[in-house]
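My questions will all concern the structure given below.
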Amino acid sequence: MATALKEVYNNEFINHFSALVQEKSASFNATKFKQEVLNEDWEDLKLKERMRRISTVLGRCLKGSYSDQIALLFQLEQECQGFPYLFFPDFVEVYGQNESDWELSMEAIKRFTKGSSSEFAIRTFIVKNPIKVMSLMKEWATDENEHIRRLASEGCRPRLPWGQALGLFKVNPGPVLDILELLKNDDSLYVRKSVANNLNDIAKDNPQKIIELVKAWQGQSQQTDWILRKGCRTLIKQADPEIMRLFGYPEVENQINMAEINSQLSELEMGEESEFSYQFTTKGDSDLHVRIEYGIYFIKANGKATRKLFFLSEKNVSGGQTISGRRTHKWKDLTTRKHYAGEHRVVLLLNGVEFAETSLFLKG
């Protein structure tokens, strides 16, 4: 079994970090820090709860003012880099909210993101003062450091996974789009991925704004076109007619001569895997650009079914050509999906349209 991500914060890590702090500050009570962090409920805490525990206890165990504490963390930032040190910017979120500390907190957020990521910590500051923080993040969008430019995008994603949702930008994504305009042709793939994910977030609440953005940005550069294609993935999965047209997916309802999908098994146990085979034949003499997917109508806890799509391939198909393929699907519970017993419909989709279906029974 894979080790849970929260285990990056284990006894060895806490001991190591305590020793690093004590090297910089003789007044640091490492014993108290470790006792309060690793108390009786430590094993029950989830990843972000452990992170918050560390940052909160650290603030209680460091002597001096907030500025003194941040100065100490600045001394440690070169040694403390990577995913586990997300609690550095979290420390800023917890202890740096006073208006008098705003400039220092923003400096810390900016510095710490280069060694880890401040995408979660900045969000509380955005909610508290969106105009002031977003103005600063527009400056960050032109920084020479790719980590800081990425923060300008990732930090204001309306639906950032694991992060505080930014409801104000779900309603009005204008300030976010102003920042993305500055990043739409960024040289860094790291930054472009964030811009695309941000657009995908916005598309879930404001699809028409993203459609208009595609019309304005499309064709400007390869980097921008890549961002748009990835940023519109939800709209493409939804087979939004205008998006499908903008990305070159023709209507196929009258262009398919035959389509089928079959399941290797008619029933299976939880945790097993099954193989699907599919094929279709196009009509006519001209090429057809086809996005091929399969969908499963998963049974939910309430007995209703919800469709989830899985990408198979995308290709130009000649008129009269038959395309076939196979795919293995694992019916194993994930953190994002739990399986329930019952009959599950499996469908074949071409350019977002269901053309064939089969079914299998998942036993409890």
Side-chain angles (χ1 to χ4, degrees), residues 196 200 203-204 226 228-300 303-364:
N200 192 55
K204 294 174 182 178
W226 184 91
L228 291 174
R229 180 65 177 75
K230 188 172 178 64
C232 290
R233 60 188 182 274
T234 293
L235 295 179
I236 291 172
K237 281 187 175 182
Q238 294 171 349
D240 179 275
E242 198 163 7
I243 280 292
M244 298 298 277
R245 179 183 61 79
L246 287 167
F247 285 100
Y249 298 107
E251 295 182 2
V252 293
E253 286 86 343
N254 299 317
Q255 301 297 320
I256 303 301
N257 193 40
M258 177 278 295
E260 63 181 27
I261 185 168
N262 297 292
S263 174
Q264 174 194 25
L265 301 173
S266 59
E267 62 179 29
L268 72 164
E269 301 282 350
M270 297 279 188
E272 291 185 339
E273 60 182 41
S274 61
E275 183 180 82
F276 303 117
S277 61
Y278 65 91
Q279 65 175 344
F280 64 92
T281 304
T282 59
K283 295 179 181 179
D285 300 321
S286 58
D287 289 353
L288 194 66
H289 187 62
V290 181
R291 176 184 174 88
I292 310 168
E293 301 166 290
Y294 72 96
I296 298 178
Y297 283 85
F298 287 105
I299 302 299
K300 311 302 288 185
K304 296 182 179 180
T306 302
R307 191 181 74 179
K308 168 72 174 176
L309 297 184
F310 301 89
F311 180 75
L312 287 167
S313 67
E314 185 170 317
K315 59 185 65 183
N316 288 324
V317 182
S318 301
Q321 183 179 0
T322 297
I323 301 296
S324 62
R326 296 178 180 275
R327 176 60 61 90
T328 298
H329 186 91
K330 297 180 180 179
W331 296 82
K332 183 173 68 174
D333 284 350
L334 306 171
T335 55
T336 54
R337 181 169 66 248
K338 180 176 174 59
H339 294 88
Y340 296 91
E343 186 173 30
H344 289 65
R345 290 174 57 217
V346 183
V347 295
L348 175 68
L349 298 94
L350 307 175
N351 288 2
V353 179
E354 294 184 8
F355 274 91
E357 73 172 73
T358 187
S359 65
L360 55 78
F361 191 88
L362 185 62
K363 295 186 286 187

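Nothing fancy with the numbering, it's 1 onward along the sequence.
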Q. Taking the six-membered ring of Phe311, is the NZ or CZ of Arg291 close enough (under 6.0 Å from the centre) and on axis enough (within 45°)?
A. no
Q: Test Ile256 against every option in Val290, Thr281, Leu288 by the side-chain contact (heavy atoms from CB on, under 4.5 Å) rule and name the one that passes.
A: Leu288
Q.
Going by salt bridge (charged side-chain N to carboxylate O under 4.0 Å, His left out), name the pairs with one or both residues in residues 350-364, residues two or more places apart or in two chains.
A. Glu267-Lys363, Glu269-Lys363, Arg307-Glu354, Arg345-Glu354, Arg345-Glu357
Q) Just checking, any donor-acceptor pair under 3.5 angstrom between side chains of Thr328 and Glu273? A) no
(Q) Going by ring pair (Phe, Tyr, Trp, His ring centres under 6.0 Å), name the pairs with one or both residues in residues 236-271, residues two or more places apart or in two chains. (A) Tyr249-His289
Q | Nearest heavy atoms of Ala196 and Trp226, plus distance in Å | A | CB-CZ3, 4.5 Å
Q: Please state whether the rings of Tyr294 and Phe310 are parallel, tilted or perpendicular, taking 30° and 60° as the class boundaries.
A: parallel
Q: Kindly give the heavy-atom pair with the smallest separation between Ile299 and Ala305, and that separation in Å.
A: CD1-CB, 4.1 Å
Q | Any side-chain donor near an acceptor of the partner, Thr234 and Asn200, under 3.5 Å | A | yes
Q: Compare every heavy atom of Tyr340 with every heavy atom of His344, then report the nearest pair and how far apart it is.
A: CE1-O, 3.1 Å
Q: Please name the residue in the list Ile261, Asn257, Ile292 that meets the side-chain contact (heavy atoms from CB on, under 4.5 Å) test with Phe280.
A: Ile292
Q. Which pair of heavy atoms, one from Asn351 and one from Val252, lies closest together, and at what distance?
A. ND2-CG1, 3.3 Å
Q: Would you check if Ile323 and Lys315 make a side-chain contact, meaning some heavy-atom pair closer than 4.5 Å?
A: yes
Q. So, for Ala259 and Ala356, which heavy atoms are closest and what is the spacing to 0.1 Å?
A. O-CB, 3.6 Å
